[in-house]
There are 2 protein chains.
Amino acid sequence: MPGKPPKTGRKPAGSRRRAVAAAAQPAAPQISDRRRVTSYDVAKRAGVSQSAVSRCFTEGASASSDLREKVMRAAEELGYRPNAIARGLITRRSNLVAVVISSRTNLYYPEVLFELTTRFEARGSRVLLFALEHESDVDHVLDKVFSYQVDGVVAAARLSDAQVVQFERHGIPVVLYNRFADRAPASSVCCDHLEYGHRLAERLVAAGHKSFGIIDSPADSFVGIERIKGVRGVLKAHGFDAPSVRGDYGYESGGTALAELLKKTRKRPAAVICANDAMALGAIDYARNELGLEIPKQLSIVGFDGIGPAYLAAYRLTTVRQPVRRMTEAAVSMLMERIEDPTLAPEKRMFSGDLVEGASARLGPA
Amino acid sequence: MPGKPPKTGRKPAGSRRRAVAAAAQPAAPQISDRRRVTSYDVAKRAGVSQSAVSRCFTEGASASSDLREKVMRAAEELGYRPNAIARGLITRRSNLVAVVISSRTNLYYPEVLFELTTRFEARGSRVLLFALEHESDVDHVLDKVFSYQVDGVVAAARLSDAQVVQFERHGIPVVLYNRFADRAPASSVCCDHLEYGHRLAERLVAAGHKSFGIIDSPADSFVGIERIKGVRGVLKAHGFDAPSVRGDYGYESGGTALAELLKKTRKRPAAVICANDAMALGAIDYARNELGLEIPKQLSIVGFDGIGPAYLAAYRLTTVRQPVRRMTEAAVSMLMERIEDPTLAPEKRMFSGDLVEGASARLGPA
DNA sequence: CTGTTAGCGCCTTCAA
DNA sequence: TTGAAGGCGCTAACAG
């Protein structure tokens with residue numbers, strides 16, 4: 001193809017397109033197929049070059065106010081909006097971040113997703129949402145994440161080390177939300193569930209409780225495992241043992257687990273520690289309505305999370321609350337920093353939460 | 001490349017790029033700037049043309065299994081993923097849909113967002129999320145929606161007629177979730193809030209209640225207005241009048257509104273109808289704890305929504321529940337149909353909900 | 001079945 | 001300051 005004079009570049013772009021559009025008209029009865037308006041259309045109407053239009057829509061590009069005005073008017077008249085997709089293709093910055101979130105996280109912390117989104121929005125990034133029914137669906141979803149050329153990822157779901165490394169290889173910054181990578185050095189924001197466990201158990205021991213029961217989390221819940229590990233550590237240090245039964249994190253399961261727990265122990269424990277609030281509420285209702293117990297006089301019940309219903313007057317649950325606002329803010333700013341400067345080293349930020357004393361556990365002297 | 005007069009077309013793409021990357025190396029200490037791997041890289045490695053690679057990654061394109069295998073291996077080794085953004089640019093189909101949702105909707109129906117996302121996911125579309133703190137922020141957000149060339153929009157927030165028309169003009173299908181357009185002919189899925197109001201009120205009248213009070217919604221809530229209009233219609237038809245006080249949809253507001261309501265009426269009404277569940281719960285707690293009333297023996301309280309806490313044993317609220325699953329499914333399928341065929345006429349789908357009898361209202365004979 | 005070619009809509013040097 | 005030209009990574013005719 002040496003002597004190829006005629007067909008270099010794409011000179012007649014504008015005119016060619018128009019021709020295409022015209023040719024398409026007869027076929028489509030509706031004008032629904034009407035092309036989107038591009039910077040070329042605006043340029044033509046304003047009587048300037050396409051690149052001039054581009055500059056008018058780019059932050060901090062040089063253009064005379066005269067030109068700017070002509071372009072803006074034409075754009076207005078045509079209803080032109082720069083195509084963020086095309087822009088991203090060339091700038092290698094899509095301004096898209098992926099949020100991968102499990103239904104479990106969303107169920108107990110519906111505000112997390114919302115907070116993340118508004119904060120990213122405020123910093124000029126859009127959220128591409130990936131919802132997982134089961135934490136194990138991650139792999140299936142990651143392909144899509146990569147395909148969309150997101151600038152970064154917030155993962156509020158379990159990622160394997162291999163998956164974390166994969167992001168690394170692709171040069172896409174990741175921040176884990178409320179979990180750590182097993183071994184890979186990934187950035188994360190997390191609350192200190194272990195410490196929460198410690199705090200809550202210490203508080204109960206200090207109040208003079210002498211016997212305990214535990215309603216444990218599903219075996220695959222990182223958060224639950226940490227919490228209960230924290231609890232167990234303290235109890236053990238004080239010489240207490242605590243029988244436990246696993247629940248599934250659901251409200252119903254709190255009641256059934258409590259029943260089972262009581263079957264296992266000869267004597268009713270003074271305090272029951274549940275791996276999350278939903279089960280604690282279930283346990284309270286079961287204790288009150290099925291066992292006729294007064295809470296907290298005859299039985300103390302505590303949870304973790306600080307979900308909405310825990311504050312209702314009928315429960316006033318004693319629990320530990322995650323500082324969701326601070327955590328989402330941290331996740332967003334850590335990710336944005338790493339998008340700006342991908343060489344930044346990973347960082348873990350750990351947040352402590354508030355102990356909500358509530359009224360579902362005896363915390364004063366007996 | 002025989003007598004290649006330097007600059008025609010883009011033949012030497014691969015080599016040129018490599019050169020660029022190499023040039024960038026010295027500057028960046030890290031290889032973080034490493035280019036993403038493209039179909040050209042895969043093609044080169046597999047010893048085939050770039051379009052061959054493209055075909056291997058397109059559904060239903062013709063390619064020999066031999067070629068397919070070579071390409072797939074090379075892609076695997078390089079960690080190649082087709083760039084969905086670039087693909088969308090040329091196919092005019094981004095496979096992106098926007099979901100615009102207000103914090104209020106998200107607060108009372110956290111599952112809506114999740115359901116929409118998983119359903120779109122199942123049909124091959126990704127969700128670009130736009131969260132509104134206030135319903136009035138819509139305008140601000142629409143620019144972004146247009147910029148990202150989404151294939152369609154689900155709006156669970158108040159859109160003005162002008163905004164609906166704007167989508168129309170751009171040829172982007174829209175489905176309104178849980179609201180109607182004022183006048184513009186837009187597709188929507190909605191539950192029949194008016195009918196909910198009728199049902200609930202009829203049920204209370206049938207049970208023999210003779211006096212009523214209303215805890216109304218904020219004045220700008222479409223949903224609340226409809227519900228209460230339905231209630232009022234029935235009460236009026238039976239010759240009852242009902243004093244009302246406005247709440248803000250929040251739990252706290254249920255209690256304060258109830259207090260105010262009782263101040264307004266000489267005699268305590270038999271039943272109080274709240275525009276949503278959150279306020280109903282607040283009213284119940286206030287009635288029990290501040291007024292020492294037994295619910296429902298001394299006062300019946302009902303709500304709308306069927307939010308999670310309404311089912312807790314301590315409340316067992318009498319309410320009307322939205323069929324969220326059916327509604328989200330309808331919204332998604334309506335939108336997808338219109339993306340496939342933009343000439344489809346708008347359609348409104350109206351869903352009836354379930355009356356949850358609960359235990360917060362006397363529904364049997366007095 | 002495979003490779004060639006011409007863009008999708010935009011940004012970005014490079015000259016003028 | 002402005003315009004011309006060359007891609008970003010990919011798909012889609014169209015030849016062969």
Side-chain angles (χ1 to χ4, degrees), chain A residues 1 4 6-17 19-21 35-44 46-68 70-71 80-94 146-149, chain B residues 6-17 19-21 35-44 46-68 70-71 80-94 146-149:
Chain A
M1 71 200 14
K4 173 163 82 68
K7 34 180 58 175
T8 36
R10 133 216 317 183
K11 214 60 41 52
S15 45
R16 181 192 47 69
R17 286 212 214 94
V20 167
R35 280 190 37 268
R36 14 196 201 218
V37 357
T38 76
S39 54
Y40 278 97
D41 303 330
V42 176
K44 177 128 62 108
V48 300
S49 76
Q50 181 274 332
S51 47
V53 176
S54 172
R55 271 188 229 105
C56 289
F57 281 92
T58 348
E59 213 58 36
S62 54
S64 68
S65 62
D66 174 44
L67 179 126
R68 193 156 241 129
K70 277 193 300 189
V71 167
Y80 169 75
R81 301 276 189 319
N83 182 328
I85 293 301
R87 177 184 304 203
L89 191 56
I90 194 162
T91 59
R92 269 107 188 289
R93 202 32 216 265
S94 62
F146 287 119
S147 289
Y148 275 88
Q149 313 297 120
Chain B
K7 33 178 60 172
T8 33
R10 129 211 326 180
K11 213 57 40 50
S15 45
R16 182 191 48 68
R17 287 212 212 92
V20 168
R35 278 189 38 268
R36 17 197 200 215
V37 358
T38 75
S39 55
Y40 278 97
D41 303 329
V42 177
K44 176 131 61 113
V48 300
S49 77
Q50 181 272 334
S51 51
V53 176
S54 172
R55 269 187 232 108
C56 289
F57 282 92
T58 346
E59 212 60 34
S62 54
S64 69
S65 62
D66 173 45
L67 179 126
R68 193 155 240 131
K70 278 194 299 189
V71 167
Y80 168 76
R81 298 280 189 315
N83 182 329
I85 293 301
R87 175 184 303 197
L89 191 55
I90 193 164
T91 59
R92 271 107 187 286
R93 189 56 202 259
S94 61
F146 286 119
S147 289
Y148 275 89
Q149 314 296 122

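We name chains A, B, ... by the order of the sequence lines, and we start the count at 1 in each one.
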### Message
With heavy-atom distances below 4.5 Å as the criterion, would you say the side chains of A/Asn83 and A/Thr38 are in contact?
### Response
no
### Query
Between D/dG7 atom C1' and A/Arg87 atom CZ, what is the distance in whole Å?
17 Å
## Note on the structure
Of the candidates D/dT11, C/dC11, C/dC8, the side chain of B/Ser54 sits closest to D/dT11
### Nucleotide D/dC8, atom C1' - distance to CG of B/Asn83 in whole Å
9 Å
### Query
OP1 or OP2 of C/dC10 less than 4.0 angstrom from a side-chain nitrogen or oxygen of A/Tyr80, does that happen here?
yes
### Message
Can you tell me if A/Tyr148 touches the phosphate of D/dG9, counting only side-chain N or O atoms and a distance under 4.0 Å to OP1 or OP2?
### Response
no
### Message
It should be established whether B/Arg81 places a side-chain nitrogen or oxygen under 4.0 Å from OP1 or OP2 of nucleotide D/dG9.
### Response
no
### Query
What is the distance from atom CZ of A/Arg55 to atom CZ of A/Arg68, rounded to the nearest 0.5 Å?
10.5 Å
### Task
Take the protein atom OH of A/Tyr40 and the nucleotide atom P of C/dG7, then report the distance between them rounded to whole Å.
11 Å
#### Entry: Rounded distance in Å - NZ (A/Lys44) to P (C/dC10)
15 Å
## Note on the structure
Here the gap from B/Ser94 atom OG to B/Leu89 atom CG, rounded to the nearest 0.5 Å, amounts to 10.5 Å
### Query
Within this structure, what is the CD1-to-P distance between A/Ile85 and D/dT11, rounded to whole angstrom?
14 Å
### Closest to the B/Thr38 side chain, choosing from D/dG9, D/dT11, C/dC10
D/dG9
### Query
Counting only side-chain N and O atoms of A/Ser39, is one of them less than 4.0 Å from OP1 or OP2 of C/dG9?
no
Listing time: all N or O pairs from protein to nucleotides 1-3 of chain C that are below 3.5 Å?
from: C/dC1; atom 1: OP2; to: B/Ser62; atom 2: OG; distance (Å): 3.4
from: C/dT2; atom 1: OP1; to: B/Ser64; atom 2: OG; distance (Å): 2.6
from: C/dT2; atom 1: OP2; to: B/Ser64; atom 2: N; distance (Å): 2.7
from: C/dT2; atom 1: OP2; to: B/Ser64; atom 2: OG; distance (Å): 3.3
from: C/dG3; atom 1: OP2; to: B/Ser49; atom 2: N; distance (Å): 3.1
from: C/dG3; atom 1: OP2; to: B/Ser49; atom 2: OG; distance (Å): 3.1
from: C/dG3; atom 1: N7; to: B/Ser51; atom 2: OG; distance (Å): 3.4
from: C/dG3; atom 1: N7; to: B/Arg55; atom 2: NH2; distance (Å): 2.7
from: C/dG3; atom 1: O6; to: B/Arg55; atom 2: NH2; distance (Å): 2.8

### Message
Nearest whole Å is fine: how far is D/dT11 P from B/Arg92 CZ?
### Response
15 Å
### Message
Under 4.0 Å, heavy atoms only, any strand: does B/Phe57 hit a base, just the sugar-phosphate, or nothing?
### Response
nothing
### Query
Starting at CD1 of A/Ile90 and ending at P of C/dC10, how long is that distance when rounded to a whole Å?
11 Å
### Summary
The bend of the helix from C/dC1-D/dG16 to C/dA16-D/dT1, taken between the axes of its five terminal pairs at each end and rounded to 10°, is 40°
### Task
Using a 4.0 Å heavy-atom cut-off across all strands, classify B/Thr91 as base, sugar-phosphate, or nothing.
sugar-phosphate
